[in-house]
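Residue numbers start from 1 in every chain, and the chains themselves are labelled A, B, ... in the order their sequence lines are given, proteins ahead of strands. Every value quoted in this text rests on a predicted model; they were computed, and no experiment measured them.
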Amino acid sequence: MSFIFSRNFYHLRNCLLISANIRLLGIHSNRCIVFLLRTFSDVTHRLPQTITPHIINLQFNISLASKEPKISYQYSDPIQLYQEQKEGDTIDQPATILVLDLGTTGLNSKTDKITEIAIRDVQGGMNSKFYTLVNREVTLKNHKRNELHTESGVPRMEEAIPELLKWVHSRQINGKPVIFVAHNGHCFDFPFFVRAFHEYGYQIPENWLFLDSLHLARQVLHDNGTKLKRGNHKLKDLVKFFNIVVEASAQKAMVDVNALCAVLQQMTFVSKLTSGDLVERAYTASRYSTRRSSE
DNA sequence: TGCCAGGCCCTCTTTAGGGCCTT
């Protein structure tokens, strides 16, 4: 039992949420018992060896009272984008595609603050989702969300950026570009994102690219002769247009990320856009930092 | 519901105005 958990305990917990507790339900001395496992030492010291063959269930409890940073790395299913493949070809992934959504205190990237970061790698798999609340010092209008947001476990932006850099690097394919996709990203998410990096002395890596799915939708869905009218390219409109079912979640920004992943998938198939085409349509961070330096 | 900022895009443009879209 210890051997199994020594290899998997933290990995298992991190896949769920860094502040998650693991409950093990088993049979011991002919009685049903529950063990709450917070650390590996709980496994080695508190768990009776006799329970080993009688584990009947594992439960995962998300603890909101934890003092640990609340950055979560979660599993997601892969999103298959359109891939032009001829017989005998091997599939070449030209870039890592990360769908991004930010929560903020308002619309002005110069004066408002990021409060929530949600990113999903369309490749899917273990740790393919990055989610965190940030800037616990700011106050949200929504009282219930503000209670979660101001907890001590919520990292400051300068604490979250190094974790974000490490995570993106872990998703990168052999130094190939990373494309961040966001809806109305040109005017909203990307200026906030780039400005936050500069504010804390971080440079956006040169091979990070940015693609606005609103811009893309207006171009490709119009070119494709769809009946989507001008003024109907909100994320909700696209979700409805493609008959996508959106799952609810307490992680508000991740709901939109999941929706945009599905929308992006549909758009690439409707317009036969490969990942390589997305790379060609993406911009560098200088597009969003030029305005800042000229102020 | 409308406001907030601002880049994009469309229309009636040519010089500009206004709606879209994001929290």
Side-chain angles (χ1 to χ4, degrees), chain A residues 98-120 131-150 154 157 160 179-196 198-199 204 209-242 244 246 248-264 266-267 271 278 280-295:
Chain A
L98 305 177
V99 175
L100 164 76
D101 189 70
L102 300 179
T104 70
T105 55
L107 300 173
N108 190 335
S109 62
K110 297 185 185 71
T111 57
D112 289 308
K113 292 288 184 184
I114 296 174
T115 57
E116 192 176 12
I117 303 172
I119 312 175
R120 176 173 169 181
Y131 177 83
T132 185
L133 299 170
V134 287
N135 289 328
R136 62 177 176 267
E137 67 277 13
V138 302
T139 305
L140 305 183
K141 292 174 184 174
N142 184 318
H143 180 69
K144 285 186 177 178
R145 291 190 68 79
N146 195 54
E147 283 183 1
L148 286 176
H149 190 263
T150 54
V154 172
M157 195 65 202
I179 306 179
F180 288 88
V181 181
H183 206 62
N184 200 25
H186 282 335
C187 299
F188 185 75
D189 300 84
F190 302 149
F192 269 100
F193 193 75
V194 172
R195 178 173 282 270
H198 288 162
E199 186 177 347
I204 299 285
L209 303 174
F210 299 87
L211 180 69
D212 186 344
S213 56
L214 171 63
H215 194 196
L216 188 69
R218 283 171 172 161
Q219 285 183 330
V220 303
L221 297 182
H222 180 265
D223 293 346
N224 227 271
T226 60
K227 294 179 180 177
L228 203 58
K229 295 178 182 176
R230 180 173 181 262
N232 288 356
H233 293 84
K234 290 190 287 288
L235 185 56
K236 282 182 181 176
D237 293 331
L238 297 176
V239 164
K240 187 176 179 183
F241 180 73
F242 288 120
I244 293 165
V246 179
S249 168
Q251 298 179 343
K252 188 170 174 288
M254 193 57 84
V255 173
D256 285 347
V257 162
N258 291 333
L260 183 52
C261 281
V263 166
L264 182 66
Q266 294 291 330
M267 282 202 293
S271 52
L278 299 183
E280 290 179 5
R281 288 169 181 262
Y283 293 85
T284 63
S286 62
R287 178 188 177 106
Y288 313 102
S289 53
T290 305
R291 275 175 271 138
R292 180 178 182 273
S293 59
S294 63
E295 286 167 9

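A/His233 places its NE2 atom 11 Å from the C1' atom of B/dC21, with the value rounded to the nearest Å. In this structure, A/Leu238 atom CG and B/dC21 atom C1' are separated by 11 Å, rounded to whole Å. Rounded to whole Å, the distance from CG on A/Asn184 to C1' on B/dC20 is 8 Å. Spacing between atom CG of A/Asp212 and atom C1' of B/dC20 amounts to 12 Å, rounded to whole angstrom units. Across the protein-nucleic acid pair, A/Tyr283 atom OH and B/dG7 atom P stand 13 Å apart, rounded to whole Å. Rounded to a whole Å, the CZ atom of A/Phe193 is 19 Å from the P atom of B/dG7. Separating the NZ atom of A/Lys236 from the P atom of B/dT22 is a distance of 9 Å, rounded to the nearest angstrom. Following rounding to the nearest Å, A/Phe188 (CZ) and B/dC8 (P) show an atom-to-atom distance of 17 Å.
Side-chain contact between A/Leu260 and A/Leu235: present, with at least one pair of heavy atoms (C-beta onward) separated by less than 4.5 Å. The closest side-chain heavy-atom distance from A/Leu102 to A/Glu116 is not below 4.5 Å. Using a 4.5 Å cut-off on side-chain heavy atoms (C-beta onward), A/Arg281 and A/Leu216 make contact. A 4.5 Å side-chain heavy-atom check between A/Lys236 and A/Lys240 finds every atom pair outside the cut-off. Side-chain contact between A/Leu100 and A/Val257 is absent, with no heavy atoms from C-beta onward closer than 4.5 Å. By the 4.5 Å heavy-atom criterion applied to side chains, A/Met254 and A/Asp101 are not counted as neighbours. The side-chain heavy atoms of A/Asp256 and A/His183, taken from C-beta on, include no pair separated by under 4.5 Å.
Closest to the side chain of A/His183, from the set B/dT23, B/dC21, B/dG6, is B/dC21. The side chain of A/Cys187 approaches B/dG7 more closely than any other nucleotide in the set B/dG7, B/dC21, B/dA5. Listed nucleotides B/dA5, B/dC20, B/dT23 differ in distance to A/Lys110; the shortest reach to its side chain belongs to B/dA5.
For the C1' atoms, the distance from B/dC9 to B/dT14 is 16 Å, rounded to whole Å. With C1' as the reference atom, B/dG17 and B/dT23 are 26 Å apart, rounded to whole Å. B/dT13 and B/dG19 have their C1' atoms separated by 15 Å, with the value rounded to a whole Å. Atom name P, nucleotides B/dC3 and B/dT11: the rounded distance is 24 Å, in whole Å. B/dG2 and B/dA16: their C1' atoms are spaced 25 Å apart (whole Å). One C1' atom belongs to B/dC12, the other to B/dG6, and the distance between them is 23 Å to the nearest Å.
Among the atoms of the strands shown, only primed sugar atoms or phosphate atoms (P, OP1, OP2) are found under 4.0 Å from some heavy atom of A/Asn232. Using a 4.0 Å heavy-atom cutoff across all strands shown, A/Asp101 reaches sugar-phosphate atoms only and no base atom.
Between A/Phe210 and A/Phe190, a ring centre-to-centre spacing shorter than 6.0 Å is recorded.
Residues A/Tyr288 and A/His186 bring a donor and an acceptor atom of their side chains to less than 3.5 Å of each other.
Non-hydrogen atoms lying under 4.0 Å from DNA chain B are contributed by A/Asp256, all within residues 253-261 of chain A.
Of the possible polar contacts, one joining the A/Thr115 side chain to the A/Gly103 backbone as a donor-acceptor pair under 3.5 Å is found.
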Show me the protein contacts with nucleotides 1-4 of chain B, counting only N or O atoms at under 3.5 Å.
none

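With DNA chain B read from its 5' end, the first of the two nearest nucleotides for A/Lys252 and A/His215 is the one closest to A/His215.
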